[in-house]
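Read the numbers this way: they start at 1 and go in the same order the structure lists the ligands and their atoms. Treat the numbers as computed from the prediction; the structure is a model and nothing was measured.
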Amino acid sequence: MVPGCLKTSCGLPTFCLAVIAFLAVTATAGQKPHILHVEVADAGWSDVGWNSPEFKTPYLDRLRGQGVALPHFYSQPTGTASRIALLTGRYPYTIGYKSIKGMYFPYSNFSLPLEYKLLPKYLQDRGYSTHLSGTWDMGFCSEDYLPQRRGFETFYGSLKGFLDHYNHTSVGLSAGYDFWNGSTVDRSAQGKYSTTLFSDRAVDIVSNHSVRDDQRPLYIFLAFDALRKPLQAPAHFIKKCNDIEDSDRKIRCAMMAAVDDGVKRVIRAFKDAEYLGDLLVIFHSSSGGPLNVGSRNYPLRAKKASVYEGGTRVPAFLYSKTLFGEAANSSFVGPTHITDLFPTVLKAAKMGTSRLPDGLDGVNQWTRLTSGRQSARRDMVYDVDISTGDGAVRRDGYKLVKFSEFATQKCPGYIDFPPSENKPRRVDCKEYELYNLDTDPAEEHDLSDVKRNKLAKLKDRYEAAEARAVPHVVFVNATASYPENNDGVWQPYGC
Ligand SMILES: *[C@@H]1O[C@H](CO)[C@@H](O)[C@H](O)[C@H]1NC(C)=O
Ligand SMILES: *[C@@H]1O[C@H](CO)[C@@H](O)[C@H](O)[C@H]1NC(C)=O
Ligand SMILES: *[C@@H]1O[C@H](CO)[C@@H](O)[C@H](O)[C@H]1NC(C)=O
Ligand SMILES: *[C@@H]1O[C@H](CO)[C@@H](O)[C@H](O)[C@H]1NC(C)=O
Ligand SMILES: *[C@@H]1O[C@H](CO)[C@@H](O)[C@H](O)[C@H]1NC(C)=O
Ligand SMILES: *[C@@H]1O[C@H](CO)[C@@H](O)[C@H](O)[C@H]1NC(C)=O
C-alpha cells in the first residue's frame, strides 16, 4: 500500500503513480514548507504587470508564470475586512464586522477580539518561526492585541498603516508616528521608504535564520502598506514608469515596481539560504483598487469598497519550485476566497483537517491546488451588510448583487473605463442584479429580468447568508490612543 494513496483523493491509479514519482524527486516532501506570504494593499486588477503591461512587475510576472495563477481570487471589498477574513478564516460579517464604511481607523477603538486564535498562532503552535514585516491593521487597544501576542514571534512595521511612506506618520486630523520594532518605537525608520524597509527586514529574517541554522520552518507575512496613498516612490522606480502619462498612475506603477523588487530580494535570500526547494510563496492584494488614486480595475466593474468584481476580484498567485508538481504553470479554475487561505495554509503546513477550528468559512483548497484540479468552492458570500441591506453572493457562475437604496442613492456600479476612454461609463443599479460571471465577468448584462428561476435561487442563497449575520460591533473614538496624547505616537492605550 502506498501511504500517499490512502486518501479518497488518490482514487485514480494514474494519479497514484504520479504521486510516487513526485515523492521520489522531492527530497523534502515530508517537511513543512517555509512560507512567504505577500500582501499588497489596494492593488487593483490592472495594477500588476500580468494584467496591464504598462505596470512593471517582471519578477512577479515570472513567479506567477511558473506557479499556480489564481485568476478568480476574491478579497473583501476593503483591507481591514480582508485582514480579518485572512487571519480568522471567517467572513467578517458573521462576526460583526462591516466591509464597507467600516471606518475602523484612524479614530475608533477597533481591536480584533482575543477569542479568535489567528492563523500565525496556529502556525507558531505547529513549530513555525513566525514574523510580521509590514502593517498590522488589527487594532492595538492594549499590549494583548499586538501582533507579538497574536502569534507573531517578531513584528516590524506599523500598527495602523495608511502612513506617509517615508516619515511613517499618519496623514490627517490626528497626525502621529507609527513605526515599531517589536514593542519599541523605531525612529531609525524615519526618512526611509516603507516598501524597502519591510523587504529588507524579511531578507534579514531569512539570512539570520540560516546563519543560526534554525531548523524551524519560517512563516513571513510581508504586508506592504503600498499601494496605499499617499502616492510616493523612490525616483529610480518612477523612472521605470515614465511612459505613463497620468501622474497618479505613474507613481502607483512605481510603488508596485518597488514591491516587485522587494519580493525579488526576499526570494533571493531564500535561495541564498538554500531554502528555495522548501518555499511556498503566496501573493495577493488586500482589495480592489481605489480609482481616485491612479488605480485601475479594468475590465472589472467598480472599485474598492464595492461588492462588484472590481472591488473584490484581485491579483493573486501561488509559487513553489516543488510543491505543485504537474500543476505548476497553470491557472486554478474556479473561485478562491481570502478566507480559504486559513485552512489551505495550515494544510500546506501539514496540519490535520480535524484540528481546524469549527465554523470556518474558508475552504481547504490545498489538495486541489497541488493536484491540478479545480476549486472546491461552488459558493461564496462577497459580503452582507445588515445595516444597509447591501451585499452579494454567488453560486457556480451566477452572482446576485443586492443594492437596497437603488432608488435614492448614487449607484456605485459604474464600469471602470478602458484605456481608450477617459471617464467611467455610468450604468444603472437595481435592487437585485444577476450576472453570469462565466460569460460576463465585467457585470455589464443584468439578467435579473430574464433568468427568473436563477434569481429566485440566488435570493434564497442570499437570505441564508443574511441569516448568519450578527449585529455590528460598536466602535467609539479611542481618544486615549491619539498621538497628541502620547508624545506624537500611536500606541496601546488600555481596553
Ligand atoms: C507556461 O506554459 C506555457 C505553455 O502552456 C508556456 O508558453 C510558458 O512559457 C510557460 N511559462 C513559464 C514561465 O514556464
Ligand atoms: C470599544 O468601545 C465600545 C464602547 O465603549 C465597547 O463596547 C467595545 O468593547 C470597545 N472595544 C474594544 C476592543 O475595547
Ligand atoms: C510627513 O509627510 C507628510 C506628507 O506626506 C507631511 O504632511 C507631514 O508633515 C510629515 N510629517 C512629519 C512629522 O514630517
Ligand atoms: C530590532 O530589535 C532587535 C532586537 O529585538 C535588534 O536586534 C535589532 O537591531 C532592531 N532593529 C532595528 C532596525 O532597530
Ligand atoms: C540579524 O542579525 C544581525 C547581526 O546579528 C542583527 O544586527 C539584526 O538585528 C538581525 N535581524 C533580525 C531581523 O533578527
Ligand atoms: C471621532 O473623532 C474624529 C476626529 O476628531 C471626528 O471627526 C469624528 O466625528 C469622531 N467620531 C465620533 C463618533 O465621535
Quiz question for you: does at least one protein heavy atom lie closer than 4.0 Å to [atom]?
atom                    : answer
atom 4 (C) of ligand 4  : no
atom 1 (C) of ligand 5  : yes
atom 14 (O) of ligand 4 : yes
atom 7 (O) of ligand 2  : no

Does an N or O anywhere in Asp204 fall below 3.5 Å from an N or O of ligand 5? yes
Ligand-side contact atoms (ligand 2) for residue partner Cys495, heavy atom cut-off under 4.0 Å: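 Atoms satisfying the 4.0 Å criterion: 14 (O).
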If we number the atoms of ligand 5 from 1 as shown, the ones under 4.0 Å from a heavy atom of Arg201 are 13 (C)
Ring centroid separation for Phe162 and Trp136, is it under 6.0 angstrom?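 Ring centroids of Phe162 and Trp136 are no less than 6.0 Å from each other.
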What protein heavy atom sits nearest atom 10 (C) of ligand 2, and how far off is it?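 Ranked first by proximity to atom 10 (C) of ligand 2 is Asn109 ND2, 2.5 Å.
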Are a donor atom and an acceptor atom from the side chains of Tyr219 and Arg126 found within less than 3.5 Å of each other? no
Salt bridge present between Asp125 and Lys121 (N-O < 4.0 angstrom):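 Salt bridge between Asp125 and Lys121, a charged N being under 4.0 Å from a carboxylate O: yes.
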Are the charged groups of Lys98 and Asp383 less than 4.0 angstrom apart, N to O? no
Whether Thr130 side chain and Gln124 backbone form a donor-acceptor pair below 3.5 Å: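 No; judged by distance alone, with no hydrogens or angles, the pair does not exist.
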What I want to know is whether Tyr145 and ligand 2 share at least one N or O pair that is separated by under 3.5 angstrom.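 No.
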Within 45° of the six-membered ring axis of Tyr122 and under 6.0 Å from that ring's centre, is NZ or CZ of Lys117 located there? yes
Any idea which part of Thr184 is under 4.0 Å from ligand 4, heavy-atom wise: side chain, backbone, both or neither?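 It is neither part, as no heavy atom is under 4.0 Å.
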Option of least heavy-atom distance to atom 11 (N) of ligand 5 (set: Val203, Asn208, Thr154):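 Ranked by closest heavy atom to atom 11 (N) of ligand 5, first place is Asn208.
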Checking ring pair (Phe, Tyr, Trp, His ring centres under 6.0 Å) between His337 and each of Tyr382, Tyr91, Tyr74, Phe342, which is the one that passes? Tyr91
Looking at Asn181, which atoms of ligand 4 are within less than 4.0 Å of one of its heavy atoms?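 Ligand 4 atoms under the 4.0 Å threshold to Asn181: 1 (C), 2 (O), 3 (C), 8 (C), 10 (C), 11 (N), 12 (C), 14 (O).
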Checking side-chain contact (heavy atoms from CB on, under 4.5 Å) for the pair Leu70/Phe283: CA distance, chi angles, key distance, verdict? CA-CA 9 Å; Leu70 301 175; Phe283 177 96; over 6 Å; no
